[in-house]
Amino acid sequence: MNGKRTLALLSALALAAAVAVLGATASSAGAAHKKGVTITIWDYFDAPPNGTAERTAMLKVANQWAKKTGNKVVDPGYVAQKEDKFVQAAPAGQGPDILMEPHDRIGSFAVPGLLSSTPKSLLSAGDRKDYNPAALAAFTYGGKSYGLPWAVESYFLFYNKDLVKTPPASWGGLVTQAKKLTTGDQYGFLWDTTNFYYDYAFMAGYGGYVFKRTSGGLDSKQLGINTPGSIKGLQLIQDLTNFYKLTPASTNTDVMEGKFSAGKAAMIIDGPWAVAGFKAKGINFGVSGLPVFKKGVPMRPFMGVQGFLVNSKSKNTAVAWDLVKYLSQHMQLAMFQAAGRVPVLKSVANSKVVKANPVTQAVLASAKAGDPMPNIPAMSVVWTPMANALQTLVQGKATPAQAASDAQKAIQQAIAQQGG
């Protein structure tokens, strides 16, 4: 091919690309400026009065968008069993245009085709750089993006300042301090021993995982429970309950939080949802990142990401996406101020008011080291087998290797029955 023909072809391709981009921009702009549309949101905030502050803060921002665009936003308030109702209503073109959900619910809606994939032009390159990359990644399923995030959550170490002057940075330090503080009904360290949500951090920190991450997403056929890393994490869990005898095997969240609230536990692993209760009890507590196993080997907790999804059957998906983007980018500071929600935008997370909040910083530290909770449907059958295996582990009825093997087999069988 000679130079002139090559140049002509490249020029034609460039022109076609430019037209396509302009067309997409015009289409997006047209959607953004479309007026008189009513967008319905189903949020996940609690029934009044518990969820009132967050719902009010979110709707204030939503109504700012409505005023700017000439559209209307409707939120019916608390919707009981909204996920089941969405699955029933959406195929018929009913239900909400926008659904607020944690990222791990995406698979259950994406598989039946109820979610609109995120428009590639929705975020500019600059927009994307401002988001926590793990938060954006959490909203991908099967190689496609669904929705936009607005908040992240994870767990960390709480400590009673009256009992612990300096929180331990490593597990070696924690064990040393906790042993000195454990006597009778007074405990140096407690956590929910058989809750896989928390125990995953021990296993993943050593290289374990639930599902293998591939280029096409998480593979439910490749499990990482019965792997050397997971087994090593299970060994530490058993050591804490059986060898060091720091945490009674029967400890659950109610026991742990009750003891901490009563000043009977020096350190616990919990999340930001517990802060209000401890403050109400007048506990002089501090927060810190999770202890590391050794330098350069942190725990890897589950992180949850809150976000907005769009109903693929909505008649106004383009307008709904415009609102999703607006909410995601404009309500994060308001939600932090209303309920301590931890922002996923770096520009907000780096603001003075957010950086001054120790709980928020503890969440961000955990999230930075953590893994998004799997968002594929197979995850729903993981919890019970893991709880059963962990029960035998902390009771000393199974070795870490046995517990890992039993759990993986049970999960594989459950996934097979589920159909993958």
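Please read all numbers here as calculations on a predicted model, not as lab measurements.
- Panel note: side chain T251, backbone P248; a donor-acceptor pair is recorded below 3.5 Å.
- At least one donor-acceptor pair under 3.5 Å links the side chain of R300 to the backbone N or O of A369.
- A distance of 4.5 Å separates CG of L223 from CD of Q408, quoted to the nearest 0.5 Å.
- Judged purely by atom type and a 3.5 angstrom limit, T241 uses its side chain to pair as donor or acceptor with the backbone of I237.
- To the nearest 0.5 angstrom, I231 atom CD1 is 10.5 Å from I225 atom CD1.
- The OG1 atom of T40 sits 12.0 Å away from atom CG of L99, with the distance rounded to the nearest 0.5 Å.
- Using a 4.0 Å cut-off between a side-chain N of Lys or Arg and a carboxylate O of Asp or Glu, K315 and D97 do not qualify as a salt bridge.
- Looking only at distances, no side-chain donor or acceptor of E153 sits under 3.5 Å from a matching main-chain atom of Q306.
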Stepwise ring pair (Phe, Tyr, Trp, His ring centres under 6.0 Å) check, Y206 with F293: CA-CA 8 Å; Y206 282 119; F293 298 121; 4.0 Å; yes
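- Ring orientation note: the planes of F139 and H103 are tilted relative to one another, at an angle of 30° to 60°.
- Looking only at distances, no side-chain donor or acceptor of T56 sits under 3.5 Å from a matching main-chain atom of A53.
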Stepwise side chain to side chain donor-acceptor pair (under 3.5 Å) test for S154 and S366: CA-CA 6 Å; S154 191; S366 288; 4.5 Å; no
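- Distance alone, capped at 3.5 Å, places no donor-acceptor pair between the T317 side chain and the S314 backbone.
- One finds no salt bridge joining K212 and D219 here, because no Lys/Arg side-chain nitrogen approaches an Asp/Glu carboxylate oxygen to under 4.0 Å.
- With respect to the salt-bridge test (charged N to carboxylate O, under 4.0 angstrom), the residues D46 and R55 do not qualify.
- K259 places no side-chain N or O within 3.5 Å of a backbone atom of Y187 that could act as its donor or acceptor partner.
- The distance from atom CH2 of W150 to atom OG of S328, rounded to the nearest 0.5 Å, is 10.0 Å.
- Taking the six-membered ring where the residue is Trp, F189 and W191 present parallel rings, their angle staying beneath 30° rather than reaching 60°.
- A donor atom on one side chain and an acceptor atom on the other are found under 3.5 Å apart for S116 and W321.
- Closest of all the heavy-atom pairs between N316 and T38 is ND2-O, 4.4 Å.
- Between F158 and F285, the two ring planes are tilted [angle within 30° to 60°].
- Between F196 and F302 the shortest side-chain heavy-atom distance falls below 4.5 Å.
- Within the model, atoms CZ of F260 and CD1 of I269 stand 12.0 Å from one another, a figure rounded to the nearest 0.5 Å.
- In terms of heavy-atom proximity, N71 sits nearest to V37 at OD1-N, 2.8 Å.
- For the residue pair Q235 / D239, a side-chain donor-acceptor distance below 3.5 Å is found, with atom types taken as modelled.
- Side-chain N or O atoms of T69 include one that pairs as donor or acceptor with a backbone N or O of W65 at under 3.5 Å.
- Expressed to the nearest 0.5 Å, how far CG of L345 lies from NE2 of H330 amounts to 10.0 Å.
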Derivation and outcome, ring pair (Phe, Tyr, Trp, His ring centres under 6.0 Å), residues Y155 and Y197: CA-CA 10 Å; Y155 41 94; Y197 176 65; 4.9 Å; yes
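- In terms of modelled atom types and a separation under 3.5 Å, the side chain of D104 and the main chain of N375 share no donor-acceptor contact.
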